[in-house]
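Keep in mind that the numbers below use all heavy atoms, side chains included, and drop hydrogens, waters and symmetry copies. Numbering of residues begins at 1 and proceeds along the displayed sequence. Counting starts at 1 for both ligands and their atoms, in listed order.
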Amino acid sequence: MAHFLDIHKTDKAALRGIIDQARGMKDARGDASKGALDAALPLDGKMVAMIFEKPSTRTRVSFDVGVRQMGGQSMILSGADMQLGHGETIADTAKVLSRYVDLIMIRTFDENTLLELAEASDVPVINGLTDRTHPCQIMADVMTYEEHKGPIKGKKVVWTGDGNNVCASFLHAAGQFGFDFTYTGPETLDPEAEFIELARKQGVNVTIDRNAQRAVEGADLIVADTWVSMHDPQSKRERRHNQLRPYRVDDALMAQAPNALFMHCLPAHREEEVTSSVMDGPQSVIFDEAENRLHVQKAIMRWALDV
Ligand code: CP
Ligand code: NVA
């Protein structure tokens with residue numbers, strides 16, 4: 001079963017194929033209106049269910065639009081409104097949904113929910129973010145980098161701030177696409193040791209540098225994300241802000257790496273992890289990233305369904 005659970009769990013050639021197909025589909029659409037169908041309708045007759053146990057703007061809209069552009073049909077389900085939120089097991093939910101739909105995308109908290117769903121499902125499952133990883137986002141980010149600057153292989157990517165779920169998928173991508181990865185942030189918020197070790201085993205040059213100014217020197221890409229994720233208790237907010245203030249991305253930091261692009265998966269908290277001047281500045285490609293969620297996820301769905 002071609003589940004898309006994580007970047008490190010997906011074959012390298014498949015990952016490259018997904019990005020190539022996404023670019024091809026994006027080019028083929030050109031400036032067609034958003035609701036126009038693609039020339040080929042690979043999802044014709046297919047039904048896609050999307051389960052959200054957390055809020056979402058980009059994932060929700062981009063998956064939904066993508067399904068429709070490819071001629072399929074989609075339904076958006078809120079975890080809280082399903083029996084899943086009221087005691088039905090994940091495995092039973094997976095078996096039932098498999099009788100109705102061809103593909104399931106889920107955004108959830110605990111990674112085990114995703115894994116149990118995939119294990120019991122008879123149809124492919126796509127990870128739309130867990131507390132631990134966010135692979136669709138980083139596929140869009142790799143696509144975006146390469147559109148602007150060419151191959152990401154051998155480049156230096158610097159993650160600033162919380163070594164969170166999005167950071168984890170960047171580390172996985174470093175192993176699969178072959179780029180260097182630097183983390184800059186406080187020790188208590190380091191990326192998961194297991195993922196650092198895995199990346200190093202795959203030959204990634206992983207650097208940890210507590211000094212943000214030094215860490216970004218020579219960077220090709222600087223990335224920030226919210227300091228407090230959806231799964232983090234709000235009680236952590238104040239301490240996080242105090243810890244992470246030195247890692248805010250501002251014009252001075254970007255000036256240390258004049259050739260670097262700036263990315264943020266969004267939603268951003270302007271003037272917290274990044275200034276508006278950087279978000280709206282010449283190095284930023286944040287809205288291209290958001291757009292490319294659409295294109296890359298269309299290719300992920302095609303790969304999962306083999307259509
Ligand atoms: N970047 C991202 O996944 O955004 P949403 O939370 O809006 O889906
Ligand atoms: N790290 C963030 C990403 C949101 C798309 C979160 O999990 O809330």
Side-chain angles (χ1 to χ4, degrees), residues 4-7 22 48-67 74 76-79 104-114 126-145 157 159-173 183 185-186 188-192 195 221-237 240-241 243-244 247-249 262-270 272-274 279 284-298 300-301:
F4 188 75
L5 300 181
D6 268 317
I7 290 179
V48 179
M50 294 173 241
I51 306 171
F52 286 91
E53 296 196 299
K54 288 175 176 168
S56 168
T57 297
R58 279 142 290 268
T59 305
R60 182 182 174 123
V61 178
S62 58
F63 263 104
D64 199 2
V65 169
V67 171
S74 61
I76 295 179
L77 306 162
S78 147
I104 302 169
M105 193 284 297
I106 183 167
R107 165 169 289 194
T108 189
F109 289 87
D110 186 346
E111 178 182 57
N112 288 319
T113 305
L114 167 79
I126 296 175
N127 176 359
L129 178 145
T130 69
D131 295 357
R132 215 172 170 213
T133 62
H134 194 6
C136 292
Q137 179 67 52
I138 284 23
M139 290 297 282
D141 293 355
V142 170
M143 175 179 172
T144 305
Y145 182 87
V157 174
W159 180 274
T160 62
D162 180 19
N164 63 15
N165 46 0
V166 181
C167 175
S169 288
F170 250 114
L171 259 172
H172 295 154
Y183 167 75
T188 49
L189 298 176
D190 275 354
E192 277 191 50
F195 293 153
L221 171 61
I222 296 174
V223 196
D225 188 12
T226 181
W227 287 343
V228 183
S229 283
M230 291 182 274
H231 59 273
D232 289 321
Q234 282 302 311
S235 54
K236 286 194 176 170
R237 209 179 154 76
R240 281 281 171 92
H241 277 237
Q243 281 180 297
L244 286 168
Y247 299 97
R248 184 178 76 154
V249 180
F262 172 76
M263 289 193 191
H264 189 308
C265 65
L266 305 178
H269 300 79
R270 287 174 177 257
E272 290 184 12
E273 69 269 11
V274 55
M279 285 184 71
S284 170
V285 292
I286 54 174
F287 298 114
D288 293 338
E289 282 181 87
E291 177 183 342
N292 285 338
R293 292 291 302 277
L294 168 67
H295 305 295
V296 93
Q297 287 161 190
K298 286 169 73 175
I300 291 170
M301 288 189 273

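Here Arg132 does not pair with Asp6 in a salt bridge; the nearest charged N to carboxylate O distance is not below 4.0 Å.
Polar contact check, Asn164 against ligand 2: a nitrogen or oxygen pair lies under 3.5 Å apart.
In terms of protein heavy-atom proximity, atom 7 (O) of ligand 2 is closest to Asn165 ND2, 2.8 Å. Counting only heavy atoms of the protein, atom 8 (O) of ligand 2 lies nearest to Met230 N, 2.8 Å. In terms of protein heavy atoms, atom 2 (C) of ligand 2 is closest to Ser229 OG, 3.4 Å.
Annotation for Pro135 and Ser169: closest pair N-OG, 3.4 Å, computed over non-hydrogen atoms.
Residue Leu266 has at least one heavy-atom neighbour below 4.0 Å for each of these atoms of ligand 2: 5 (C).
Asp64 and Ser74 form a side-chain donor-acceptor contact under 3.5 Å, judged by distance and modelled atom types alone.
Between the CG atom of Leu171 and the CD atom of Glu192 there is a distance of 9.5 Å, given to the nearest 0.5 Å.
In this structure the side chain of Ile51 reaches within 4.5 angstrom of the side chain of Ile104, judged on heavy atoms.
The side chain to side chain contact (heavy atoms under 4.5 Å, CB included) search around His269 returns Thr226, Glu272, Glu273, not counting sequence neighbours.
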Next on the checklist: Between Cys167 and Phe195, is the side chain to side chain contact (heavy atoms under 4.5 Å, CB included) condition met? List the steps.
Outcome noted: CA-CA 10 Å; Cys167 175; Phe195 293 153; over 6 Å; no
For each nitrogen or oxygen atom of ligand 1, which protein N/O atoms lie closer than 3.5 Å, and how far apart are they, rounded to 0.1 Å?
unit_1	atom_1	unit_2	atom_2	d
ligand 1	1 (N)	Gln137	OE1	3.0
ligand 1	1 (N)	Cys265	O	2.9
ligand 1	1 (N)	Leu266	O	2.8
ligand 1	1 (N)	Arg293	NH1	3.4
ligand 1	3 (O)	Thr59	OG1	3.1
ligand 1	3 (O)	Arg107	NH2	2.9
ligand 1	3 (O)	His134	NE2	2.8
ligand 1	3 (O)	Arg293	NH1	3.0
ligand 1	4 (O)	Arg58	NE	2.8
ligand 1	4 (O)	Leu266	O	3.4
ligand 1	6 (O)	Arg107	NH1	2.8
ligand 1	7 (O)	Thr57	N	2.6
ligand 1	7 (O)	Arg58	N	2.8
ligand 1	7 (O)	Arg58	NE	3.1
ligand 1	7 (O)	Arg58	NH2	3.0
ligand 1	8 (O)	Ser56	OG	2.6
ligand 1	8 (O)	Arg58	N	3.4
ligand 1	8 (O)	Thr59	N	2.8
ligand 1	8 (O)	Thr59	OG1	2.7
ligand 1	8 (O)	Arg107	NH1	3.4
ligand 1	8 (O)	Arg107	NH2	3.2

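Using bins of under 30°, 30° to 60° and over 60° for the plane-to-plane angle, the ring pair Trp227/His241 lands in the perpendicular bin.
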